[in-house]
S.K.: 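I am attaching a structure below and will ask some questions about it afterwards.
Side chains included, hydrogens not; waters and symmetry mates left out as well; all remaining heavy atoms used. Index from 1, following the sequence.
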Amino acid sequence: MAGPEEFGGGGMPQAVALASVEMWNASNMAFALCPLLTQGAIESLIAHGTEEQKKTYLEKLVTGEWTATMNLTESHAGSDVGALRTKAEPADDGSWRISGQKIFITYGEHEMADNIIHLVLARTPGSPAGTKGISLFIVPKFLVNEDGSLGRRNDLRCVSVEEKIGIHASPTCVMSYGDNGDCVGYLIGGENNGMACMFTMMNNARLNVGLQGLAIADRAYQQAVEYALERRQGRAVGTPKGESAPIVKHADVRRMLMTMRSYVEAMRCLVYLNGAALDKAHNHSDETVRKESMGLAELLTPLSKAWCTDLGVELASTAVQVHGGMGFIEETGVGQYYRDARILPIYEGTNGIQALDLVGRKLGLQGGEPVRKLIAEMDELAHGLNGDNDDLSVISRQLGVAVTALKEATDWMYANAPNDPNAAPAGATPYLRMFATTVGGYLLAKSAKKALELKAAGDADVKFLDAKVVTAKFFATQILPQVAALLGPVTEGADLLYAIEEDDLVA
């Protein structure tokens, strides 16, 4: 949908495509992983590919006739990508010969498409150590002839398919390249520029993984609501004697459902805002707006990826709880969401890495301007909601407290990170939760304000608009107070983390 029209795509905004991708992933996350990785490859080719490479690969990838993968991880090089050993040797015809093995390759082998285009990180001869010496290569399953037809099979193979606790419809492969010394690859983006090229793909993937967290949480919520409406158990307040009530009548079940509902709506606001910021960053006519939008998009990406995937796991677990004992039984299907969701905080950069990215890179991005601007906007809305409407006044108070706590935590990060290398990393994960929760409350507050404006203007969908206000108020009163409570863990420092010697950690 968002692919360039010249290559057969719809040319639609990223924000529109995200809504479609959410529905795919809510339907079956494991299956939807295949087009998700393909989208990332399309982004990398558009940004870094030569005109010949674009002509050769983009149209088939945009149409879905071919799929793509991302090959970073090796058995000894997971989060530490710079430790990879896969090699690329130059050939006489300008191509390269790839040799090495990669693990955790999503849809590395399958028969649903005519060709699979692997994007593989490898080292060229004499390259610098670490991530600075990594290059990116296009390695097709079948080589492509000059007329676009498929030629011989390349020297690569799937060695095995991993047995996983979830996403069973997605083949996670161990891929071996160049066993016979003839695996052909094509350099993309220039030698030793592989990480820059791969980050184009990874940033796309990280936003989409955040979207997966949203999608699976929403799917779990929908099924939990259906079950709560049908399942009768116990007597609720007002139920006639001798009759059991649908469990949706019970306060604790209603709390679980409202928690899921409010989180899902906040997550959706965050992810779609992230997509809209990317649209402006790439397409707005004003250079200043493009720069500001890219800063916002880069700031929101670790929030989208980490917060939404953590919540995907938490809310899938809540859905199991709503089902009670039947949630632990396979026939309900709700356990699948829990197992599928568990990979999300791990792949495309663990959530701990997202938190480190937030405090280590994003707080200093553009001199800190994106952070200052977003916090100022949230503070302005918190103060601007005070008025005649009681619901908005309640939201205003809670949002104001959260923004104040976030500002204090952010100032602490700026003040302490330069002096203590462990200070910011020690508080990074709770800080990310603080930041994302505050942004979620801010966006729901905007939704409530808009809903009341539409209602006052005579919009007929009153129940929908009222529900928006109630959901925002629930988030403000039940979820946002967590932000202030996280200020202590964020600013405690690292001393307690290292107070017990490593060998003494064994129980």
S.K.: Does either side chain, that of Ser393 or that of Asp391, offer a donor lying less than 3.5 Å from an acceptor on the other one?
M.R.: no
S.K.: To the nearest 0.5 Å, what is the distance between CG (Leu119) and NE2 (His48)?
M.R.: 10.5 Å
S.K.: Using modelled atom types only, decide if a donor and an acceptor are shared between the side chain of Gln233 and the backbone of Ser244 within a distance under 3.5 Å.
M.R.: no
S.K.: Inspect the surroundings of NZ in Lys280 and state if more than 12 heavy atoms from other residues, nucleotides or ligands are less than 6.0 Å away.
M.R.: no
S.K.: Does the pair Thr350 and Gln354 meet the rule for a side-chain contact (heavy atoms from CB on, under 4.5 Å), with working shown?
M.R.: CA-CA 6 Å; Thr350 66; Gln354 303 306 312; over 6 Å; no
S.K.: Given side-chain contact (heavy atoms from CB on, under 4.5 Å), test Lys362 with Val371 step by step and report yes or no.
M.R.: CA-CA 8 Å; Lys362 302 305 169 61; Val371 176; 5.8 Å; no
S.K.: Do other residues, nucleotides or ligands put more than 12 heavy atoms under 6.0 Å from the NE2 atom of His168?
M.R.: yes
S.K.: Applying side-chain contact (heavy atoms from CB on, under 4.5 Å) to Lys132 and Met195, what does each step give before you reach the verdict?
M.R.: CA-CA 8 Å; Lys132 293 182 179 180; Met195 288 307 295; over 6 Å; no
S.K.: Is any side-chain heavy atom of Asn71 less than 4.5 Å from a side-chain heavy atom of Phe104?
M.R.: no
S.K.: Do Gln14 and Leu207 have side-chain heavy atoms sitting under 4.5 Å apart?
M.R.: yes
S.K.: When the side chains of residues 210-229 are checked against the rest of the protein, which donor-acceptor pairs come out under 3.5 Å, sequence neighbours left out?
M.R.:
{"from": "Gln212", "atom 1": "OE1", "to": "Tyr347", "atom 2": "OH", "distance (Å)": "2.8"}
{"from": "Gln212", "atom 1": "NE2", "to": "Asn25", "atom 2": "OD1", "distance (Å)": "3.1"}
{"from": "Asp218", "atom 1": "OD2", "to": "Gln222", "atom 2": "NE2", "distance (Å)": "3.0"}
{"from": "Asp218", "atom 1": "OD2", "to": "Arg268", "atom 2": "NH2", "distance (Å)": "3.4"}
{"from": "Arg219", "atom 1": "NE", "to": "Tyr337", "atom 2": "OH", "distance (Å)": "3.0"}
{"from": "Arg219", "atom 1": "NH1", "to": "Ala26", "atom 2": "O", "distance (Å)": "2.7"}
{"from": "Arg219", "atom 1": "NH1", "to": "Ser27", "atom 2": "O", "distance (Å)": "2.9"}
{"from": "Arg219", "atom 1": "NH2", "to": "Tyr337", "atom 2": "OH", "distance (Å)": "3.3"}
{"from": "Tyr221", "atom 1": "OH", "to": "Arg261", "atom 2": "NH1", "distance (Å)": "3.3"}
{"from": "Gln223", "atom 1": "OE1", "to": "Tyr337", "atom 2": "OH", "distance (Å)": "2.6"}
{"from": "Gln223", "atom 1": "NE2", "to": "Thr332", "atom 2": "O", "distance (Å)": "2.7"}

S.K.: Is the Trp24 ring parallel, tilted or perpendicular to the Phe31 ring (thresholds 30°, 60°)?
M.R.: parallel
S.K.: Give the minimum heavy-atom separation between Met260 and Ala319, together with the two atoms involved.
M.R.: CE-CB, 3.9 Å
S.K.: What is the distance from atom CD of Glu43 to atom CG of Leu278, rounded to the nearest 0.5 Å?
M.R.: 8.5 Å
S.K.: To the nearest 0.5 Å, what is the distance between OG (Ser304) and CG (Leu270)?
M.R.: 3.5 Å
S.K.: Any heavy-atom pair between the side chains of Val289 and Ser293 that's under 4.5 Å?
M.R.: yes
S.K.: Can you tell me if Thr239 uses its side chain to pair, donor with acceptor, with the backbone of Ala236 under 3.5 Å?
M.R.: yes
S.K.: By the definition side chain to side chain contact (heavy atoms under 4.5 Å, CB included), identify the one residue from Val490, Val483, Leu311 that meets it with Arg433.
M.R.: Leu311
S.K.: Measure from the side-chain N and O atoms of Arg290 to the backbone N and O of His284, and report whether any donor-acceptor pair falls under 3.5 Å.
M.R.: yes
S.K.: Do the side chain of Arg231 and the main chain of Pro246 share a donor and acceptor less than 3.5 angstrom apart?
M.R.: no
S.K.: Are the side chains of Trp307 and Tyr263 in touch, meaning some heavy atoms are under 4.5 Å apart?
M.R.: yes
S.K.: In terms of heavy-atom contacts, does CD of Glu408 have more than 12 from other residues, nucleotides or ligands at under 6.0 Å?
M.R.: no
S.K.: Enumerate, atom names and distances included, each donor-acceptor pair closer than 3.5 Å involving a side-chain atom of residues 398-407, sequence neighbours excluded.
M.R.:
{"from": "Thr404", "atom 1": "OG1", "to": "Gly400", "atom 2": "O", "distance (Å)": "2.9"}

S.K.: Does the pair Asp461/Lys455 count as a salt bridge with the N-to-O cut at 4.0 Å?
M.R.: no
S.K.: Would one find more than 12 heavy atoms of other residues, nucleotides or ligands at under 6.0 Å from atom CZ of Phe464?
M.R.: no
S.K.: Please report the interatomic distance OG1(Thr438) to CG(Asp379), rounded to the nearest 0.5 Å.
M.R.: 11.5 Å
S.K.: Kindly say whether Ala423 contributes a backbone atom to a donor-acceptor pair with the side chain of Asn416 at under 3.5 angstrom?
M.R.: no
S.K.: Using a strict 4.0 Å threshold on nitrogen-to-oxygen distance, state whether Glu243 and Arg232 make a salt bridge.
M.R.: no
S.K.: Distance-only, no hydrogens or angles: does the Thr437 side chain make a donor-acceptor pair with backbone N or O of Met434 under 3.5 Å?
M.R.: no
S.K.: Do Ile103 and Glu74 have side-chain heavy atoms sitting under 4.5 Å apart?
M.R.: no
S.K.: When you look at Tyr107 and Thr38, which way does the side-chain hydrogen bond (donor to acceptor under 3.5 Å, both in side chains) test go after all the steps?
M.R.: CA-CA 10 Å; Tyr107 279 89; Thr38 303; over 6 Å; no
S.K.: Side-chain contact test, heavy atoms from C-beta onward, threshold under 4.5 Å: evaluate it for Gln39 versus Asn208 and give yes or no.
M.R.: yes
S.K.: Measuring only between side-chain heavy atoms, which start at C-beta, is Ile346 closer than 4.5 Å to Arg342?
M.R.: yes
S.K.: Measure from the side-chain N and O atoms of Arg254 to the backbone N and O of Val248, and report whether any donor-acceptor pair falls under 3.5 Å.
M.R.: yes
S.K.: Decide side-chain contact (heavy atoms from CB on, under 4.5 Å) for Lys446 and Tyr442; before the verdict, give the C-alpha distance in whole Å, the side-chain angles of both, and the deciding distance to 0.1 Å.
M.R.: CA-CA 6 Å; Lys446 292 182 72 174; Tyr442 160 69; 3.6 Å; yes
S.K.: Looking at Gln321, I'd like to know if its CD atom is crowded, meaning that more than 12 non-hydrogen atoms belonging to other residues, nucleotides or ligands lie closer than 6.0 Å.
M.R.: no
S.K.: Could you grab the distance from atom CD1 of Ile395 to atom CG of Leu444, nearest 0.5 Å is fine?
M.R.: 8.5 Å
S.K.: List the steps, then state whether side-chain hydrogen bond (donor to acceptor under 3.5 Å, both in side chains) holds for Asn351 with Thr429.
M.R.: CA-CA 8 Å; Asn351 286 357; Thr429 292; over 6 Å; no
S.K.: Just how far is it from atom CG of Leu465 to atom CD of Glu453, taken to the nearest 0.5 Å?
M.R.: 11.0 Å
S.K.: So, applying side chain to side chain donor-acceptor pair (under 3.5 Å) with Thr172, which one of Glu163, Glu162, Lys164 is it?
M.R.: Lys164
S.K.: Counting N and O atoms only, with roles assigned by atom type, does the side chain of Thr318 sit under 3.5 Å from a partner on the main chain of Met256, one being a donor and the other an acceptor?
M.R.: no
S.K.: Is any side-chain heavy atom of Pro430 closer than 4.5 Å to one of Leu486?
M.R.: yes
S.K.: Going through the checks in order, is the side-chain hydrogen bond (donor to acceptor under 3.5 Å, both in side chains) test met by Arg255 and Gln478?
M.R.: CA-CA 10 Å; Arg255 171 179 288 278; Gln478 303 294 319; 3.0 Å; yes
S.K.: Answer yes or no: does atom OH of Tyr431 have more than 12 heavy-atom neighbours from other residues, nucleotides or ligands under 6.0 Å?
M.R.: yes
S.K.: Any ion pair linking Arg339 and Glu330 (charged N to carboxylate O, less than 4.0 Å)?
M.R.: yes
S.K.: Donor-acceptor pair, distance only, cut-off 3.5 Å: does the side chain of Ser20 make one with the backbone of Val16?
M.R.: no
S.K.: Should we count CG of Leu505 as having more than 12 external heavy atoms under 6.0 Å?
M.R.: yes
S.K.: So, Glu377 and Lys373, do they make that salt bridge, N to O below 4.0 Å?
M.R.: yes
S.K.: Between the side chain of Ser170 and the main-chain N/O of Ile167, is any donor-acceptor distance below 3.5 Å?
M.R.: no
